[in-house]
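To start, the structure under review is shown below, and the notes come after it.
In each ligand, atom 1 is the first atom listed, and ligand 1 is the first ligand listed.
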Amino acid sequence: MIGCWWREAAPARAGRAIAVTAAAGVLMLTGGQGVASAGTEAAPAVVPAPASLKTVRTTSFRLTPQSQIVVQPPAREALPVASYLARILRRSTGYRLPVTTHGGHDGHDIGLQLAPTGTGPEGYRLDAGDGGVELRAGTAAGLFHGVQTLRQLLPARVEKATEQPGPWTVPGVRITDQPRFAWRGAMLDVSRHFFSVAEVKRYIDQLALYKVNTLHLHLADDQGWRLAIDSWPRLATYGGSTEVGGGPGGYYTKRDFAELIDYAADRFMTIVPEIDSPGHTNAALASYAELNCDGQAPPLYTGTSVGFSSLCVGKEITYRFLDDVIGEITAQTPNRYYHVGGDEAHSTPHEDYVTFINREQELVHAHGKRMVGWQEIAAADAAPGSVAQYWNTASGSEPGTELARTAVAKRMKIVMSPANRAYLDMQYDPDTPLGLHWAGYVEVQDAYSWDPATLVDGVGEDDVLGVEGPLWSETLDESPDIEFMAFPRLPGLAELGWSPASGRSWDEYRFRLAAQGPRWDALGINYYRSPQVPWEEVR
Ligand code: NGO
């Protein structure tokens, strides 16, 4: 299967001017923020859809130059969320919006309060009307997710970086919300092409808008090792010195990585690090000859084939190396998971593969973490609570789904990333200027219209830890490329991870999605104007 999915044509830059055909005008926009079927009540266009949202037509909230953001005690953990909200709102409204912990608040104010709401570790309640905005959650994470909803209840121009004209109205709503799944993820491959700290932060901000809480970073592959490891310095300095196509590559210093972890944590997002193994390891093998079974370091690799490299399963130094790497990385990452990769080890005999993953799992456990890996790791003696990331294109009871059932039999959890639905690097159609199509073309509707708990027979709601959209970067090398592939599909995957399974439909969703377009314009996000989405009808 070496290289079989690769598309030879050199990618062209994704353009912004893609024609959109408006769909039939059966739905209408109301108040600049909501969409509703003709003759029915308008619902604000929030993505992911809240678990419960009631519009209260008789009332609405208006932000004014006198408005304050009032944090009720206990304030310590809520204050950073209030400041984050204030920073966003101040830029576009031009209002002072002081954050205060003093006294009550009136109809112009936004109140934030940490208080039990019965909505779990990430849920919140949001009430808006002429009495003010009242956002309550049991955790700061819940408040943060509620703030993302509030952003979407305000006019799209609130996202602009410069002062805009009002009015700044929020429709009357009562929202009670909490996520369906704990893992709502996005993966970024920083190995095939390196992305700077600034570029990753930009993506983190975009993901946070849709309540994504897990950023999985694919930190090492054949083409580049992207994280400094003090005990094996050449991994980064040499193994990170190039990328697909022969560009300069790059790597994160420990300080860079800490900065990313903190930046994500401030947005209630956790970084799951992945060092792919035992395959996809040419960058490491090229950096240290002793890691190779024959003691010869191969040259650096800048192509796009897969399946040709393997760590040397029979050598003890392999495990000392892994112990050092896992030790240094897990010392930095607060997340409970460490991702071992484990995919496409075509140059590792099966028995060796099982031996290798078993030993690596011991090391992961010794460093206090749980193992995550691509679905292939289910063939090893994975411990209950380890996580298999399903990336097959098979569904139902097709042969390719067996590994997922094997994982469930071992009491592993499943993160759903079926390539023909969730892979954000798949082209939308044959004209998409970036991306691959080995798993088919994945239009916005394909990415949205499936359910994580019914995709594979024998893998049900309780087995699924969550959903993740992987973005592999063979053809992508800067932020506009990331954005063009992630938007508009990523918000749909985020909704699969967050919103209740019942009551969702593409016909309703596509209008809510269209209403995000002006927000992405305001934020300068380079998105694909899919002809499936009625962009023009919600302007
Ligand atoms: C596969 C492969 C990656 C590629 C990707 C491209 C997995 C888990 N391994 O997915 O190395 O980059 O496809 O879509």
Side-chain angles (χ1 to χ4, degrees), residues 1-9 11 185-195 216-226 243-245 272-284 301-311 339-348 353 357 371-380 387-394 400-401 403-404 407 414-428 432 434-442 446-447 467-477 481-482 484-486 489-490 493:
M1 119 134 217
I2 290 181
C4 67
W5 42 265
W6 174 246
R7 190 175 62 94
E8 291 301 325
M187 186 212 80
L188 184 61
D189 171 9
V190 297
S191 175
R192 270 52 178 274
H193 280 98
F194 181 66
F195 294 95
H216 162 186
L217 286 180
H218 184 77
L219 290 163
D221 209 302
D222 291 318
Q223 297 84 347
W225 185 289
R226 305 298 178 204
E243 59 188 4
V244 166
V272 173
E274 177 192 352
I275 299 292
D276 209 342
S277 64
H280 290 274
T281 42
N282 190 77
Y301 182 69
T302 59
T304 56
S305 293
V306 298
F308 61 89
S309 55
S310 179
L311 289 171
H339 201 306
V340 300
D343 58 317
E344 300 178 315
H346 305 313
S347 303
T348 319
Y353 177 82
I357 296 292
M371 177 171 72
V372 192
W374 300 101
Q375 64 198 17
E376 287 94 326
I377 66 160
V387 178
Q389 186 164 5
Y390 185 75
W391 64 281
N392 243 324
T393 57
T401 58
L403 273 171
I414 310 285
V415 168
M416 281 289 177
S417 301
N420 54 342
R421 302 289 194 168
Y423 267 32
L424 297 170
D425 60 317
M426 289 301 116
Q427 294 174 296
Y428 296 95
T432 309
L434 299 168
L436 312 174
H437 58 256
W438 67 263
Y441 298 106
V442 181
D446 304 315
V467 184
E468 183 176 297
L471 186 46
W472 302 95
S473 64
E474 286 92 339
T475 67
L476 319 173
D477 69 350
D481 302 349
I482 293 178
F484 189 77
M485 301 310 280
R489 290 180 290 199
L490 184 276
L493 295 172

Counting from 1 in the order shown, the ligand 1 atoms closer than 4.0 Å to a non-hydrogen atom of Asp425 are 6 (C), 14 (O)
Just jot down the ligand 1 atoms closer than 4.0 angstrom to any heavy atom of Trp438, in number order. 6 (C), 13 (O), 14 (O)
By the definition side chain to side chain donor-acceptor pair (under 3.5 Å), identify the one residue from Glu274, Glu468, Gln375 that meets it with Gln389. Glu468
Among residues at least two apart in sequence or on other chains, which ones pass ring pair (Phe, Tyr, Trp, His ring centres under 6.0 Å) with His193? none
Check whether any side-chain heavy atom of Leu493 lies under 4.5 Å from a side-chain heavy atom of Leu424, and answer yes or no. yes
What atoms of ligand 1 come closer than 4.0 angstrom to any heavy atom of Asp343? 2 (C), 7 (C), 8 (C), 9 (N)
List every atom of ligand 1 that sits less than 4.0 Å from any heavy atom of Glu344, numbering the atoms from 1 in the order shown and giving each element. 2 (C), 3 (C), 9 (N), 11 (O)
For Tyr428, what residues pass the ring pair (Phe, Tyr, Trp, His ring centres under 6.0 Å) criterion, not counting sequence neighbours? Tyr528
Any heavy atom of His280 closer to ligand 1 than 4.0 angstrom? yes
Under 4.0 Å from a heavy atom of Glu474: give me the atoms of ligand 1 that qualify, with their elements. 4 (C), 6 (C), 12 (O)
Check: Thr348/Ser310 side-chain N/O donor and acceptor closer than 3.5 Å: yes
With Trp374, which of His218, His280, His216 fulfils ring-ring contact (aromatic ring centres under 6.0 Å, His included)? His216
Minimum heavy-atom distance Leu436-Glu474, with the two atoms named: CD1-OE1, 3.9 Å
Ligand 1 to Met426, heavy atom cutoff 4.0 Å, flagged ligand atoms 14 (O)
Using distance alone, decide if ligand 1 has a nitrogen or oxygen within less than 3.5 Å of any nitrogen or oxygen in Asp189. no
With a cut-off of 4.0 Å, which atoms of ligand 1 are near a heavy atom of Leu436? 6 (C), 14 (O)
